[in-house]
Every structure is written in C-alpha cells, then in structure tokens.
Amino acid sequence: MSGLKEGFLWGGAVAAHQLEGGWQEGGKGASVADVMTAGAHGVAREITDGVLPGKNYPNHEAIDFYHRYKDDIKLFAEMGYKCFRTSIAWTRIFPLGDELEPNEAGLQFYDDLFDECLKYGIEPVITLSHFEMPYHLVTEYGGWRNRKLIDFFVRFAKVVFTRYQHKVKYWMTFNEINNQANYHEDFAPFTNSGLKYAPGEDREPVMYQAAHYELVASALAVKAAKEINPSLLVGCMIAMCPIYPLSCAPNDMMMAMNAMHRRYWFTDVHVRGTYPQHLLKYFERRGFKLDITDEDRAALKQGCVDYIGFSYYMSFATKATADNPQLDYDETKSLVSNPHVQKSDWGWQIDPVGLRYSLNWFWDHYQLPLFIVENGFGAIDVLEKDGSVDDQYRIDYLSAHIAEMKKAVVEDGVDLMGYTPWGCIDLVSAGTGEMKKRYGFIYVDKDNEGNGTLARSRKKSFNWYKQVIASNGEQL
Ligand code: P53
C-alpha cells in the first residue's frame, strides 16, 4: 500500500500549442505561440510582429498530435493513464478571439480527442488558457491590459463547458497565471497575458492590471461552470517554485517571505476571492491605481476555485542585499544559486524535498484539494539504434519526487487528487522553443531545426511509469 487513495489520478500533461501543430487547420487562428521563434538555453525566443517569412516557428507543426492523437493516446493507455491533461487551443474555437460564434471544426476536434481518451477510461483534465491566446487579441486590444478580454474569455469558457460537460469534469482556467510576476522579461507577460510593453513603460502596474482582469475572468468562468453543470470542478493553476532564504539571517527570511508574497498572491485571490492585505499595501506604497471595481470584487467572491492545480519543477533561493532596504522582490535580480541542490542542463534546481514542502505550503494556506499537474525533467536524450532511450536520469528525478509526494500525503495528511508529469510525450519546450529539452516517456523523432520523421518510441521511463501506475505508486 503506497497510501495514495483509490482513484488517484495518475496521468500525463501537455498543452495544445506544444504538441498539436496543425496551426492553420480546421479554421484555427494564430495564437501568441505561433509568433514565437525557437530559442535555446540563455537565448530568448523572439516574439515577432505576426508570422514572418524565413523564421523557425516550432509550434506550427510541433509533434503533429493534431493528426496523430489516436496513436499517442493508445500509448498513454498502454502506460495505464487514468487522466490526460491538455488544453483546448482557444484559437481553434475562436480563431480571432472576439467572434460571437465558435468554430465548429475546432469544437469537433476536441469532441473526437476526448472520445478517444474516454474510450480507454482516461479522464481529460483541461486547461482553458495555456500560453496560447488568440494573437488577434494582442494586436487589436493590447492583450489582457484591456477589460474587454474578460468577456471574450468567458464566452469561450461557456462554449466549451457547455459542449464538453459530459466528457470533461476537471478544468483549470489560466496556466501558471503567476509566471508574470516576472514582468521584467518579455516571455511571461506575453505568454500569460498577450502583453507587449512599450520601451520605457512602467511594466509592473500593467502586469497587476492584466492579472486582475484574468482573475475576474477566471472567477466568472468558475461561476458559469457551476450554472452549466454543478458537477464540474474548476481549479486554478499556479507555477510553484518555493523560494527559500539563502541563510537563516532574519532579513533573508523576510526577503524570502516577500518573494513568496509577490509570486503567490494570485492563489489567494483564486481561492479566497479577495486580495491579500500585503498586496493592497504594496499597491498603496508604489502608487499603483488599478481598475478594480465593486462588481469585480463581488465576482471574485462568487467564483472561488474548487482545487489548486500546480506545476513543480524546482525551488528558488533568495537573499537580502544592502541596496534593497524594502526587501522588494525582482525575479531577474533577487534569485541566487542554492549550493545544496544540483541543476539540470537548463539551470533548473533539482529539489524533490521542495515538492513535499510545496504541498504542505499550499495545504497550510488554503486547505483545498491539490493536484500536481506538472512535474518533470527536461533533458537531452540519446536515441539508440533500436529506438530505445536509456533515460535513467528521468526515472531518478521522477521517482525522487513521487517519494516526497507520498510523504506529503501519507505522513503529512495533504489532500492530493493526482499527479500528471509534464510532457509525457516529447514536445516543444515553452521556455526555449527547443525539441531537445525533452520530458517524455515517449520519444519523438524531431530535432531543434524541425528535421525528423516524427516517429514515436518508448523510452526506458515508459515501462517504469507503467509499473508506478499499476502499483498505485508503490513500486518506484
Ligand atoms: P519548459 C518556467 C518555470 C516553470 C514552468 O517548461 C514553466 C516555465 C516557463 O518556461 O512552464 C511550464 O518547456 C509550462 C509548460 C512548460 C513546462 O513548464 O520551458 O506550464 O507549458 O512546457 C516546462 O522546459
């Protein structure tokens, strides 16, 4: 007995734009992911003004799941998945984002996809907005800096809740909504919120405004889901990188606490329907005047989430410095290397204990069911002649994290719904646009330049994960 409950949702996670391809098929419109080129570790993806000739846009074809999903889901079923987390590409349903009527071909695609999952008893777990909002909403409306986006999103949410209510029970609104706490770089504001900043613009209040509109949209979507079908469960989705103090110096501890405040207040609003006091005080100190109406406050209260979905890849560390007397958090400057943990080839700090810590942190703060909807190890794999990959490092990473997850459940009493490792089939990296940063149990023959047959093969971790699921987490 591993101590995990019966019906624990083992599965895998992906996002539409990172695997589907078919970027113009079935009437699909361009998303923000479709105007991002391939980068690399330390080389940011370029966000171009529309789709330009001669550039490499890795999401356009991705791994062609759009045409190959039946074979891929068959492989997930072979591993014994109980659930499969993906997203609905908003641009398949509303190609521009501001239409009044949805695109039937897009709706039909997800009907077929969900039917294929259900055929094997695999429950779809669906994210509504996973870094793939319609690009038209960026060029015409300025992305989520515009209040009108609330209506567009809620219309999209209502259409898909209504259409799939008997096929999909588990939903999440905005993937890693808190990534944009790193508003200094261009990536998170653009992928989370379709924000492009003018040179010299004061970025921070724009980020808070966009996040506010998203939180209102999320709350209205939760409320709509319950009205459409009370059995639907809607969660938030938070990128959890717990931030440790580098030392036990009191100001390092305060710095870490402030950093946690700046990265995780989004969860407070999703769960409690109110802004935490520390953030309102911070807005006051910085002189941020945000458009937050009484109607918004009422909406937030009426649309609290049912569960907390979160990703966990790594922990962070921070320390106080003399040039920062207010101990303010700046994600591009405040993070330091943790000497106690190893790093991946992409510099991500590997910290299985941090997962147990995160589960407890969420549970202590919110007492809502938790769902680990991403965890995984992005690594360079070597394909053997026989199509196999000896990815023992991935098995080591995942088994160490699952062991800590079990401690949180069995020894600490955290209520955990499931576990879906990220990129269960190799796909395009969100952060770098690379193929070579692989997470899968299933290898996909494609390289960074887009060459390859797209053939699928089972890695060593495939059979390992199959046995983890079969034993409900007993055999790691
Ligand atoms: P990639 C940053 C930090 C933690 C998670 O990321 C992140 C990011 C953004 O890069 O993103 C999530 O592909 C995200 C997925 C993404 C996955 O983590 O950069 O929800 O879309 O692919 C892994 O290695």
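Since we're looking at a predicted model, the values are computed, not measured. Every number for a ligand or one of its atoms is a count from 1 in the order of the listing.
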Could you walk me through whether Phe174 and Trp144 pass the ring-ring contact (aromatic ring centres under 6.0 Å, His included) test, one step at a time? CA-CA 12 Å; Phe174 291 91; Trp144 279 94; 5.4 Å; yes
Please verify the inter-ring angle class for His136 with Tyr141; under 30° counts as parallel, over 60° as perpendicular, anything in between as tilted. perpendicular
Can you list the atoms of ligand 1 that are under 4.0 Å from a heavy atom of Tyr439? 1 (P), 6 (O), 23 (C), 24 (O)
So, regarding Gly431 and ligand 1 (criterion: nitrogen or oxygen to nitrogen or oxygen, under 3.5 Å), is there a contact or not? yes
For Tyr397 and His401, take the angle between the two ring planes, folded into 0 to 90°, and tell me which bin it lands in: parallel under 30, tilted 30 to 60, perpendicular over 60. parallel
Backbone, side chain, both or neither: what part of Ala15 comes under 4.0 angstrom of ligand 1, heavy atoms only? neither
Please write down residue, atom name and distance for the protein heavy atom closest to atom 3 (C) of ligand 1. Met314 CE, 3.8 Å
With atom 16 (C) of ligand 1 as the reference point, say which of Ala430, Cys241, Ala188 has the nearest heavy atom. Ala430
How many angstroms lie between atom NZ of Lys406 and atom CG of Leu416, to the nearest 0.5 angstrom? 12.5 Å
Under a 3.5 Å cutoff, is there a donor and acceptor pairing between the side chains of Ser87 and Thr127? no
Could you say whether the N/O atoms of Ser429 and ligand 1 ever approach to under 3.5 Å? yes
Regarding atom 4 (C) of ligand 1: of the candidates Glu176, Gln18, Met240, which has the closest heavy atom? Glu176
Closest protein heavy atom to atom 9 (C) of ligand 1, given as residue, atom name and distance to 0.1 Å: Phe187 CE2, 3.7 Å
Should the ring pair Trp23 and His60 be called parallel, tilted or perpendicular, given that the plane angle runs from 0 to 90° and is split at 30 and 60? parallel
Quick one: look at Trp346 and ligand 1, take heavy-atom pairs under 4.0 Å, and tell me if it's side chain, backbone, both or neither. neither
Side chain, backbone, both or neither: the part of Thr191 lying under 4.0 Å from ligand 1 by heavy atom: neither
Testing the 3.5 Å rule here: is there a donor-acceptor pair between the side chains of Ser461 and Asp391? yes
Heavy atoms only: which of His17, Glu434, Glu374 lies closest to atom 20 (O) of ligand 1? Glu374
Does Trp348 have a heavy atom less than 4.0 Å from any atom of ligand 1? yes
Numbering the atoms of ligand 1 from 1, which are under 4.0 Å from a heavy atom of Lys437? 1 (P), 19 (O), 24 (O)
Can a side-chain donor-acceptor contact be found between Thr91 and Lys28 if the only test is distance below 3.5 angstrom? yes
Flag the pair Lys446 and Glu61 as a salt bridge only when some basic side-chain nitrogen lies within less than 4.0 angstrom of an acidic carboxylate oxygen. yes
Using a 4.0 Å cutoff against the non-hydrogen atoms of Asn175, which atoms of ligand 1 qualify? 14 (C), 20 (O)
Examine the side chains of Tyr170 and Asp306 and answer whether a donor and an acceptor come within less than 3.5 Å of each other. no
For Tyr313, is at least one N or O under 3.5 Å away from an N or O on ligand 1? yes
